[in-house]
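Atoms within each ligand, like the ligands themselves, are counted from 1 in listed order. Along the sequence shown, residues carry numbers from 1.
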Amino acid sequence: MNTTKERKFKPEKLFEPRDFKRPEIQDKQYLEIGAGKGMHAMQFAEANPSKHLIAIERTRAKFDVFSERSRELALNNLLPVHADAIPWVVHALPPESLEGVFLLYPNPEPKNSSQRWLNMPFFEFLISRMKPNATLVLVTNIVDYFKETTEVNRDVWKLKAEESEVPKDSARTHFEIKYLARGENCYQLLLTKPHNYKTSFDEWAI
Ligand SMILES: C[S@@+](CC[C@H](N)C(=O)[O-])C[C@H]1O[C@@H](n2cnc3c(N)ncnc32)[C@H](O)[C@@H]1O
């Protein structure tokens with residue numbers, strides 16, 4: 001898995017996303033990537049009024065549903081963003097700005113291992129945006145993906161890891177509800193960024 005680190009991420013090559021607006025980063029700032037129709041994002045924001053969540057979704061049709069519902073809820077601690085998360089994170093987030101990251105049911109392309117979040121050189125940049133002790137939650141129903149992700153973390157990124165099975169009555173996202181209703185097992189990896197963790201992007205900011 002050395003190749004993940006050898007293929008260096010080049011943030012300077014990424015253009016600012018279209019219609020980009022720089023967000024105000026809050027003290028207790030969380031980020032969700034691939035928010036779908038926003039079920040988890042809206043529940044999280046409602047349940048945690050003192051925390052702020054930026055939730056990014058790339059697919060226009062899903063984002064439109066999310067955006068409409070969140071406007072109705074008028075949650076002032078939730079910012080839905082329609083963008084590809086990779087250039088958006090590069091342009092929007094300073095180092096050590098996040099308390100937590102959610103990657104919920106990312107469903108990677110089975111044949112393209114380089115599209116999986118922990119296999120991407122971008123993952124090092126994402127870690128650099130997390131504060132010390134910040135957490136990253138990744139959940140999936142694909143056991144091989146879960147195992148691979150756990151191994152890549154152990155061998156390459158070396159964040160503190162806790163593995164668990166998602167409780168059968170959990171209902172955080174549309175995909176989670178669908179998989180658990182089908183009787184599938186879902187798996188959660190909770191990663192924590194250790195204090196004194198170094199990345200190549202710790203000084204990198206736009
Ligand atoms: C399988 S869906 C899961 C949606 C939601 N998290 C759920 O569990 O119901 C994965 C979502 O991630 C989004 N996505 C994938 N890569 C993304 C990226 N680079 N930036 C933003 N969204 C992305 C896709 O558009 C898709 O809606």
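Of the candidates R58, E57, E176, it is E57 that places a heavy atom closest to atom 24 (C) of ligand 1.
Judged purely by atom type and a 3.5 angstrom limit, W157 uses its side chain to pair as donor or acceptor with the backbone of L118.
The shortest non-hydrogen separation linking R116 to P108 is CG-CB, 3.3 Å.
Scanning the protein for heavy atoms near atom 4 (C) of ligand 1, the closest one is G34 O, 3.6 Å.
Between Y187 and E163, the side chains place no donor N or O within less than 3.5 Å of an acceptor N or O (distance only, hydrogens not considered).
The cationic group of R129 lies under 6.0 Å from the six-membered ring centre of F125 and within 45° of the ring axis, placing it in a cation-pi geometry.
Close to ligand 1: D84, with a non-hydrogen atom less than 4.0 angstrom away.
Looking at G36 next to ligand 1, no N or O pair under 3.5 Å apart turns up. An N or O contact shorter than 3.5 Å links F175 to ligand 1 by distance.
Ring geometry, F201 versus F9: the interplanar angle exceeds 60°, so the pair is classed perpendicular (tilted spans 30 to 60°).
For K62, every heavy-atom contact with ligand 1 shorter than 4.0 Å involves the side chain, none the backbone. Heavy atoms of W117 found under 4.0 angstrom from ligand 1 belong exclusively to the side chain.
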